[in-house]
Number of protein chains: 2
Amino acid sequence: MTTRRDAVHDTLRQSEGFRSAQDVYAEMRLHGAKIGLTTVYRALQALADKGQVDVLRTDDGESVYRACATDTHHHHLVCRQCGRTVEVAGPAVERWAEAVGSEHGFTEITHTVEVFGTCSSCSTQARTG
Amino acid sequence: MTTRRDAVHDTLRQSEGFRSAQDVYAEMRLHGAKIGLTTVYRALQALADKGQVDVLRTDDGESVYRACATDTHHHHLVCRQCGRTVEVAGPAVERWAEAVGSEHGFTEITHTVEVFGTCSSCSTQARTG
DNA sequence: CCAGATTTTGACAACCATTTTCATTCCGAC
DNA sequence: GTCGGAATGAAAATGGTTGTCAAAATCTGG
């Protein structure tokens with residue numbers, strides 16, 4: 001039965017940005033879903049393992065998840081105010097990482113790249129308010 | 001009294017790669033240092049705030065620290081076997097991050113970039129052993 | 001439809017890195 | 001010497017995450 005997992009996945013899809021397991025749990029409960037925290041964690045892990053959601057770590061060590069549109073390799077441009085996230089491709093970065101790695105004799109190169117900023121709406125609000 | 005902080009900094013400098021607070025603490029105790037875990041955490045935070053050590057998060061959420069040679073902005077190429085770390089500059093990546101950000105109307109762009117791989121010694125050992 | 005095997009679920013407890021608390025120690029100022 | 005503020009560290013608290021285990025749901029063959 002993947003009903004719960006689907007429900008978690010759906011909840012995640014309704015969000016613009018990255019959400020923590022606790023967030024997802026709270027939101028599902030708010031919407032009347034009958035689900036336990038443990039199950040949310042398990043569903044999230046399962047989805048992450050299957051590559052159906054992306055995971056990253058907040059500065060304070062919390063794992064946050066996001067259901068991304070593309071299932072191909074990509075990176076994220078995240079607004080540090082509202083969390084709005086844009087998926088970006090970066091062929092240049094991929095090549096750079098490979099080059100840097102082999103240059104120093106490293107093999108099996110992987111990399112993590114995340115870009116943070118303040119999105120236009122948030123910077124407008126900041127100016128206005 | 002920055003004696004403790006210096007001691008922590010020194011311990012970090014003697015390490016090739018990134019070390020966790022607990023690692024640093026254990027190492028210092030091994031070498032006979034009389035210091036508490038709390039102080040190690042505080043020293044590490046202070047050093048990180050001052051930009052004298054670099055911090056990053058392990059996959060399992062642990063904070064790891066490293067005393068880097070350059071105090072200018074740089075990234076890391078980390079061996080996922082032995083932890084050996086090479087500091088790398090990446091002007092191309094800096095430009096790319098800026099471009100991606102402004103392209104989507106984001107301002108105050110920052111980024112995190114880490115490259116992981118298997119270093120030559122470790123891959124040799126893997127073949128040999 | 002039923003009994004038994006298997007999987008999923010979730011309340012609760014355990015974990016563990018990190019932080020907070022707070023009493024003590026240290027050190028310079030006077 | 002001693003007053004005051006900063007540093008220290010043992011112990012307790014915090015909080016996200018994971019493990020436990022029994023109950024519930026689902027599947028299986030009869």
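In what follows, chains carry the letters A, B, and so on, assigned in the order in which the sequence lines appear, proteins first and then strands, with residues in each chain numbered from 1. Model, not experiment: these values are computed from the prediction.
Here D/dT18 presents its P atom at 12 Å from CG of B/Asp59, a figure rounded to the nearest Å. One can place CG of A/Leu44 at 13 Å from C1' of D/dG16, the figure rounded to the nearest angstrom. Rounded to whole Å, the distance from OH on B/Tyr65 to P on C/dA17 is 13 Å. Straight-line distance from the CD1 atom of A/Ile35 to the P atom of D/dA25: 15 Å, rounded to whole Å. Note: CG (B/Asp60) to P (C/dA17) measures 9 Å, nearest angstrom. Atom CG of B/Leu37 and atom C1' of C/dT21 are 15 Å apart (whole Å). Following rounding to the nearest Å, B/Met28 (CE) and D/dT8 (P) show an atom-to-atom distance of 10 Å. Put simply, NZ on A/Lys34 is 12 Å from P on C/dT9, counting in whole angstrom units.
Taking only side-chain nitrogens and oxygens, B/Arg57 never comes nearer than 4.0 Å to OP1 or OP2 of C/dA17. Listed pair B/Ser63 / C/dT18 meets the phosphate criterion, a side-chain N or O lying under 4.0 Å from OP1 or OP2. Note on A/Gln45: a side-chain N or O is less than 4.0 Å away from OP1 or OP2 of D/dT18. For D/dT18, neither phosphate oxygen OP1 nor OP2 lies less than 4.0 angstrom from any side-chain nitrogen or oxygen of A/Tyr41.
Of the candidate nucleotides C/dT18, D/dG9, D/dT20, D/dT20 has the atom lying nearest to any side-chain atom of A/Thr38. Considering only the side chain of A/Glu62, D/dG16 comes nearest among C/dG10, D/dG16, C/dA17. The side chain of A/Gln22 lies closest to D/dT17 when the candidates are D/dA10, C/dT18, D/dT17. In this structure, of C/dT18, C/dG10, D/dG9, it is C/dG10 that holds the atom nearest to the side chain of A/Arg4.
The base of D/dA7 does not come close enough to the side chain of B/Thr39 for any donor and acceptor atom to sit less than 3.5 Å apart. In the interface, the side chain of A/Arg42 is paired with the base of C/dG10 through a donor and an acceptor atom under 3.5 Å apart.
Under 4.0 Å is where a charged nitrogen must lie from a carboxylate oxygen, and between B/Arg19 and B/Glu27 at least one such pair does.
Residues B/Phe116 and B/His76 place their aromatic rings such that the two centres sit no closer than 6.0 Å.
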Inset, instruction - Check the pair A/His75, B/His111 against side-chain hydrogen bond (donor to acceptor under 3.5 Å, both in side chains), reporting the backbone distance first and the verdict last. - result: CA-CA 11 Å; A/His75 301 292; B/His111 59 271; over 6 Å; no

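Heavy atoms from other residues, nucleotides or ligands lying under 6.0 Å from CG of A/Asp59 number 12 at most.
The distance from the CZ atom of B/Phe18 to the OG atom of B/Ser63 is 11.5 Å, given to the nearest 0.5 Å.
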